[in-house]
Amino acid sequence: MTSPSGYRLRVQPRIWIGIAIYIAYVAVVFGVQLITGVPYDELGESGENLFLGAGLSLIVGAILLAITTTLLGWWRPALFDRHRSGHKWPIVAPAIMAVALLVNLGATDWGSFDGAFLAASIVLLLVGFTEELTTRGLLLVGLRSRLSEVWVWFLTSALFGLMHLVNAFSGQDLASTVRQVAFAFGAGTIFYILRRVTGSLVWAMVLHGFWDFSTFAVTHGTPGPLAALAGVLEIAAIVLALIAVAFVIRGADERTAHRATTS
């Protein structure tokens with residue numbers, strides 16, 4: 001079958017397929033982390049902990065997601081929108097998040113890094129590929145087969161936030177996990193806006209990957225005095241995103257399956 005834009009879909013998008021991929025990804029990542037036995041709150045203690053507790057699951061997840069996307073033939077709709085948002089100014093929210101990212105990197109105690117920890121931290125960049133492809137990629141394609149764009153934004157952001165609940169089962173205290181879920185919903189909205197304004201998921205993958213890299217980096221060793229500023233900027237970006245998201249949703253016509261025809 002072919003989409004309205006002419007690219008071939010091997011499997012017609014369905015909501016249940018997107019949700020199944022989401023659940024499978026969370027299960028695989030959580031399962032690998034359980035096998036390695038590294039508690040979430042001990043990831044930052046060494047390069048070995050960081051790689052086994054986070055990096056390894058991301059590598060496995062990335063491989064399985066790439067295979068799944070290829071088998072479905074969903075690379076194009078997962079990575080690209082047919083039309084960009086008519087409103088460009090909401091990209092200010094992702095821009096503020098990018099500034100917060102740079103502040104994190106500037107406040108990082110780089111002297112506390114050894115080669116192993118730096119290498120493991122670099123592997124964390126894969127989180128941008130895996131989590132974005134899972135939620136604002138494949139899940140989004142599935143949801144767009146039936147739902148309006150406002151539900152696509154809300155559900156992809158909410159499920160992105162909820163996937164972080166597994167950290168409570170990996171050693172993180174419940175209060176910190178709930179806070180992480182709430183902030184992840186806001187960050188998910190920022191990444192959704194970036195996709196709609198640029199028309200591509202790639203930029204969201206890049207921002208997401210470097211954001212997580214910066215947040216782990218700044219908590220290793222003794223952070224500089226500017227670290228608190230990054231938190232303030234993150235909150236400002238989220239608040240702006242929650243206001244601006246309505247503008248990038250307005251007029252969106254990205255439905256998938258209902259327009260597909262058998263080739």
Side-chain angles (χ1 to χ4, degrees), residues 25-67 94 97-135 137 160 163-164 166-173 176-177 179-180 183-184 187 190-191 194 201-234 237:
Y25 173 77
V26 174
V28 167
V29 169
F30 184 56
V32 173
Q33 291 174 351
L34 280 181
I35 292 172
T36 61
V38 180
Y40 184 85
D41 55 359
E42 295 180 12
L43 292 179
E45 291 186 0
S46 68
E48 181 181 8
N49 278 10
L50 187 58
F51 177 76
L52 293 177
L56 183 60
S57 63
L58 292 175
I59 292 172
V60 173
I63 293 171
L64 293 177
L65 283 169
I67 293 172
M97 190 176 194
V99 173
L101 182 164
L102 294 175
V103 172
N104 272 338
L105 295 179
T108 295
D109 180 10
W110 294 105
S112 67
F113 280 60
D114 56 25
F117 193 85
L118 179 60
S121 298
I122 292 174
V123 175
L124 286 183
L125 292 173
L126 274 176
V127 74
F129 174 80
T130 60
E131 292 188 358
E132 288 305 307
L133 185 57
T134 298
T135 55
F160 171 65
M163 72 163 49
H164 294 80
V166 299
N167 293 332
F169 299 97
S170 300
Q172 183 172 246
D173 66 272
S176 296
T177 301
R179 178 178 178 274
Q180 187 179 28
F183 272 78
I190 292 173
F191 299 139
L194 190 53
L201 185 64
V202 174
W203 293 109
M205 288 177 169
V206 172
L207 179 60
H208 187 163
F210 278 98
W211 174 255
D212 277 33
F213 173 86
S214 77
T215 56
F216 267 94
V218 76
T219 57
H220 190 67
T222 304
L226 289 178
L229 175 60
V232 174
L233 290 172
E234 180 187 5

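- Applying the side-chain contact (heavy atoms from CB on, under 4.5 Å) rule to Leu125 yields the partners Ile122, Phe210, Phe213; only residues at least two apart in sequence or on another chain are considered.
- Taking 4.5 Å as the limit, some side-chain heavy atom of Phe113 sits within range of a side-chain heavy atom of Thr108.
- Remark: Val232 engages no residue in a side-chain contact (heavy atoms from CB on, under 4.5 Å) (not counting sequence neighbours).
- Across all their heavy atoms, Ala54 and Ser57 have their closest contact at O-OG, 2.8 Å.
- Listed for the Thr130 side chain is no donor-acceptor partner under 3.5 Å among the backbone atoms of Leu58.
- Legend: side chain to side chain donor-acceptor pair (under 3.5 Å) pairs involving residues 202-215, not counting sequence neighbours, sorted by first then second residue: Asn104-Ser214, Glu131-His208, Glu132-His208.
- Closest approach of Asn49 to Glu42, counting heavy atoms only: ND2-O, 3.0 Å.
- In this structure, CG in Leu65 is found 4.0 Å from OG1 in Thr134, a value given to the nearest 0.5 Å.
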TODO: Take Leu105 and Trp110 through the side chain to side chain contact (heavy atoms under 4.5 Å, CB included) test and state the conclusion after the steps.
DONE: CA-CA 9 Å; Leu105 295 179; Trp110 294 105; 3.9 Å; yes
Open item on the list: Does Val29 form a side chain to side chain contact (heavy atoms under 4.5 Å, CB included) with Val166? I'd like the steps, not just the answer.
Closed with: CA-CA 9 Å; Val29 169; Val166 299; over 6 Å; no
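- The two residues Tyr25 and Gly61 make their nearest non-hydrogen contact at CE1-CA, 4.3 Å.
- Under the 3.5 Å distance criterion, the side-chain polar atoms of Asn167 are left unmatched by any main-chain donor or acceptor of Ser170.
- Remark: side-chain polar atoms of His220 are not paired, donor with acceptor, to backbone N or O of Phe216 under 3.5 angstrom.
- Closest non-hydrogen pair, Leu201 versus Gly137, comes out as CD2-CA, 3.8 Å.
- Residues Val218 and Pro223 come closest through the heavy atom pair O-CB, 3.4 Å.
- Within a 6.0 Å radius of CD in Glu45, other residues, nucleotides and ligands contribute more than 12 heavy atoms.
- When every heavy atom of Gly221 is checked against every heavy atom of Ser112, the shortest pair comes out as CA-OG, 3.6 Å.
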Task: Steps toward side chain to side chain contact (heavy atoms under 4.5 Å, CB included) verdict (Met163, Thr135) - done: CA-CA 10 Å; Met163 72 163 49; Thr135 55; 3.7 Å; yes
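- To the nearest 0.5 Å, atoms OG1 (Thr177) and CD (Gln172) are separated by 3.5 Å.
- For the side chain to side chain contact (heavy atoms under 4.5 Å, CB included) with Leu56, the lone residue among Val123, Ile35, Thr36 that qualifies is Thr36.
- The shortest side-chain heavy-atom distance between Gln33 and Tyr40 does not fall under the 4.5 Å cut-off.
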